[in-house]
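Encoded as structure tokens, the structure appears first; notes follow it.
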Amino acid sequence: MSLVLPNSNPYYLKLGSQRVSAGSFLQNEFLNDGYESVQLLTLDDSKLQHLQKLTQKNLRIYSRNVKWMFESLYNLDIEDKLLKYDPFRVGIYIAGPGYAAPWDVLRARREGHTISGAMRQFFNPKHGFKHNLGIAPAHISIQFGIMGPTNAFHNYPFGGQFALRKYQFDLEMDFVDAGLVIISNIYEDAMLVNFQNKSENRSTVLSEGVFARILEKKNFLNLDQIDFYKEEGINFGYLNFLAGKRPHE
Amino acid sequence: MNKALFYKSEVITSLGTSLAETVSNIKRDKVNFKRTDHLIDDSASFICGLADWNNSIFQNSPHTYKNEIAISILIDKVLRNSRVQNFDQVICLITPSLQDLDFYLQTNNDISKFTKELEYPSFIIQELARHNCLIRKDQIQIVDNTCTSGNTIIGYAYQGLKLGVWKSVLLLAVDLTDAFNLHVLKNLGALAVSDLDPEKISRPFDKLRSGFIKSDGASCAILSSDPLLEDQSLGEVLAFSQTADAHKLTDGRDDCLSIIKAMELAVERSSLSKNEVNFIKAHGTSTGLNDLHEAKAISKVFNQQSPGPIVFSLKGHLGHVTDSSGLVENSIVCASIESGKMFPTRNLENTEFDLNFLREPQKLIKNKEYVFLSNALGFGGNNSCLIFKSKAKE
């Protein structure tokens, strides 16, 4: 089986977060030669406000995960690139974290509530769905007028691989002409990252990142040649893979 | 080309009779899967697998969490006596249960295992290993496509089998509700508000419909391309399509363009003509907008046929199992076709839609292959359609 991987196409990769106190550690760990085009960004509130203004149809986005995805997509100028395709022939393939707001849950527990009670108390229930990963493709399809297959996979370590494989299947069966692949690993609050990094049980470093790319019928690469087990980090192996570089090559 | 055979499946459901009762049932000490008696009759003993494991078995489960109990029981029932014991892929959808997380955090402070994507795959590996089925972590996928997830995992497996990448796929769909989930649904106005008898609240395509009943449901199924299994299969998946509304999160498009496109693509990809479709298993949630848009789309796609395919929805029987509804309902329909009987659209009395609804139980003709189209329309505006062909039974 083959997979489209157009190295000539631009991609957007965002790493790190200002709120992660272990930021310098993350830089040293992951910024190697493989990331020559990487823009290391911090979460810039002014940029997010700008993005909120750009969004159409009164689309309000509450999940930081989706905000980062949008930021990546706007940096790719995907609107121009997708115009040439039939909207029904473009797919969205997302891999992201399942729980968008673990910190809210943990904070609530510290205040003596049960999780579900706290969720009801502190969240506007109308916004509840918008923290769901399954809604992220809907946000993107609404914003960019994409009407093809939309898929979301949980980012448990192999989420990125599964998103790519689904795209591969859709392409092989001639369901789509192009795909928008977005892989994110966002913990809504850096507290979780710090907690994990200091944990005695940690085996890998958790960090945040979003990768977005338009994949088209151009170059092919064999997905089965990639040994995902050798990759380090929770999901950066897949980000590396998508970027066309592997950290240890 | 390989076939995608729907080989074996098991379903557990509970009918949520009212919001209050459902809320009280979801407390840990009252976890209770109820028999859906009106679905259980002599011809459909397959469906009432639930009757075999009553509350005592349920409560004596070695596992603590609701989702894990459901996964454990389903895997056990499907793999026991199954001719397929090895899988290339496990595709699942497991919605989180906040009650489970509450309980989990009380006993385990390690939040590195907090998220479901880190926890459930390990559990599934353990459960499969009990049946001598060894699976690696990178063979387990978790899909989250809102209400279309059930159809999507079947379609995804269909694609892998058709392309020859996989030979056998285990599908797992678990959607057990919790208080927060109900709270969100209620505030969205999706849950039924009615003074009617609880048994009559869920009324797909009826004039008095006011929303759906959220119920618990879980299902496990095997899809395989092994031709040796063809004699025991329930049917074959012929086609799969997905589209998105790109309109609004909560409302569908008024022109129903994407639903129409999804159904047309599915029929086109199945290489069948529209008049070869015998039944349509509508999503039919019994909310105002869903039923309106779906009925419009069905009449538009099949308007040339007279009287057109028979339309039915199972939500009147089951309530809405949201994410896992696709796998649960398709398993039930495959089993009911095999048993020679089709379930009607329950609680459908008066309707404003000019469709050929199934109102009474229908006996099916022996030795005939039936084709049904299965719709799933999800929150956020994603739609997916499957086309199944049942096997001719003597």
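A, B, ... follow the sequence lines: proteins, then strands. Residue 1 opens every chain.
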Does any non-hydrogen side-chain atom of T243(B) lie less than 4.5 Å from one of N382(B)? no
Going by atom types only, do Q159(B) and K166(A) share a side-chain donor-acceptor pair under 3.5 Å? yes
Is it true that a side-chain atom of H320(B) and a backbone atom of T285(B) form a donor plus acceptor pair closer than 3.5 Å? no
If you count heavy-atom pairs within less than 4.5 Å of chain A, which of D323(B), L257(B), T148(B) leads? L257(B)
Quick one: what part of F175(A) sits under 4.5 Å from any heavy atom of chain B, side chain, backbone, both or neither? both
Verdict with supporting geometry, D174(A) and R89(A), salt bridge (Lys or Arg N to Asp or Glu O under 4.0 Å): CA-CA 9 Å; D174(A) 199 27; R89(A) 301 277 299 171; 2.7 Å; yes
Top contributor to chain A contacts, counting heavy-atom pairs under 4.5 Å, from S384(B), G160(B), A262(B), G378(B): G160(B)
